[in-house]
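Everything quoted here is computed from the prediction, not taken from an experiment. All values below were derived from every heavy atom in this structure, side-chain atoms included, with hydrogens, water molecules and symmetry-related copies excluded.
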Amino acid sequence: QVQLVESGGGLVQPGGSLRLSCAASGFTLDGYAIGWFRQAPGKEREGVSCISSSGGMAYYADSVKGRFAISRDNAKNTVYLQMNSLKPEDTAVYYCTTHVQYYCSAYGLKVSLDFGSWGQGTQVTVSS
């Protein structure tokens, strides 16, 4: 069964950190760019970050630049999202997804273009 599974979410205080993981089963991630998206209650889904298949290129939403870092370990078939200096407005369900190509773009991230398989999401809540 082909699937993506996100983990690592939870409740954290403002200014804290979390690391999300996106693990693939049933297929290998190394041929795909991978994206992280989030959706808060009552809001549209937002592209957070994406990374090329090799890990050589990454893009970030302006709202998370300088605070979040995406990385991947193809040997472990896993992509990570390190989230630092978390803010209450980062509260959302975070999803990972495969891109149809080995590369992604800032534009594609912004408009959710050419992203395909989605995981079930992991909840991140930033609150004191």
Side-chain angles (χ1 to χ4, degrees):
Q1 184 179 2
V2 175
Q3 62 178 351
L4 294 170
V5 179
E6 302 93 338
S7 62
L11 173 64
V12 63
Q13 293 186 342
S17 298
L18 284 173
R19 189 177 79 156
L20 305 184
S21 298
C22 171
S25 63
F27 72 106
T28 56
L29 289 175
D30 61 2
Y32 300 94
I34 301 296
W36 282 99
F37 288 74
R38 66 186 181 185
Q39 188 164 22
K43 294 188 176 181
E44 292 187 355
R45 186 175 62 196
E46 175 189 21
V48 175
S49 182
C50 67
I51 187 168
S52 64
S53 61
S54 67
M57 293 294 292
Y59 300 94
Y60 298 90
D62 288 343
S63 58
V64 306
K65 278 180 183 176
R67 300 188 298 122
F68 290 13
I70 192 171
S71 62
R72 64 192 298 158
D73 186 338
N74 287 337
K76 295 184 177 179
N77 218 23
T78 302
V79 175
Y80 305 97
L81 186 67
Q82 178 67 43
M83 305 187 298
N84 300 324
S85 302
L86 283 162
K87 305 175 181 180
E89 51 264 44
D90 295 318
T91 296
V93 178
Y94 283 71
Y95 301 90
C96 65
T97 176
T98 58
H99 194 274
V100 298
Q101 299 283 357
Y102 63 90
Y103 60 91
C104 58
S105 68
Y107 174 75
L109 179 66
K110 186 175 182 179
V111 300
S112 188
L113 180 65
D114 290 337
F115 287 94
S117 300
W118 295 81
Q120 84 291 345
T122 185
Q123 176 70 47
V124 171
T125 302
V126 185
S127 175
S128 56

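Here K65 pairs with D62 in a salt bridge; the nearest charged N to carboxylate O distance falls below 4.0 Å.
Separation of atoms CD (Q101) and OG (S53) is listed at 10.0 Å; rounding is to 0.5 Å. With values rounded to the nearest 0.5 angstrom, N77 atom CG is found 8.5 Å from R72 atom CZ. F68 contributes atom CZ, which lies 4.0 Å from atom OH of Y94 (distance to the nearest 0.5 angstrom). One finds the OG atom of S49 at 11.0 Å from the OH atom of Y59 (value rounded to the nearest 0.5 Å).
Counting heavy atoms from C-beta outward, H99 and C50 have side chains that stay 4.5 Å or more apart. The shortest distance between side-chain heavy atoms of E6 and Q120 falls below 4.5 Å. In this structure the side chain of V79 never reaches within 4.5 angstrom of the side chain of C96, judged on heavy atoms. Annotation: side chain of R38 is not in contact with side chain of T91 (no heavy-atom distance under 4.5 Å). Counting only heavy atoms from C-beta outward, the side chains of L109 and Y60 never approach each other to under 4.5 Å.
Here the closest non-hydrogen pair linking D90 and R67 is OD2-NH1, 2.7 Å. Taking all atoms of both residues into account, the shortest heavy-atom contact from T78 to K76 is OG1-O, 2.8 Å. Here the closest heavy-atom approach between residue L4 and residue T97 is recorded as CD1-CA, 3.8 Å. Among all heavy-atom pairs drawn from Y95 and G119, the shortest one is CD2-O, 3.6 Å.
Under 3.5 Å, the side chains of S63 and E89 contain no donor-acceptor pair of N or O atoms.
The hydrophobic cluster containing I70 does not contain F37, counting ILVMFWY residues as joined when their side-chain heavy atoms lie under 4.5 angstrom apart, directly or transitively. Under the 4.5 Å side-chain heavy-atom criterion for grouping Ile, Leu, Val, Met, Phe, Trp and Tyr, V124 is not connected to Y80 through any hydrophobic cluster.
Using a 4.5 Å cut-off between side-chain heavy atoms of Ile, Leu, Val, Met, Phe, Trp and Tyr, L113 falls into a hydrophobic cluster with Y107, V111.
A distance-only check finds no donor-acceptor pair linking the side chain of S117 to the backbone of T98 [under 3.5 Å]. Not a single donor-acceptor pair under 3.5 Å links the side chain of D114 to the backbone N or O of C104.
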Which pairs would a plain distance check flag for residues 7-36, meaning a side-chain donor or acceptor within less than 3.5 Å of a matching protein atom at least two apart in sequence or in another chain?
{"from": "S17", "atom 1": "OG", "to": "N84", "atom 2": "OD1", "distance (Å)": "2.9"}
{"from": "T28", "atom 1": "OG1", "to": "D30", "atom 2": "OD1", "distance (Å)": "3.4"}

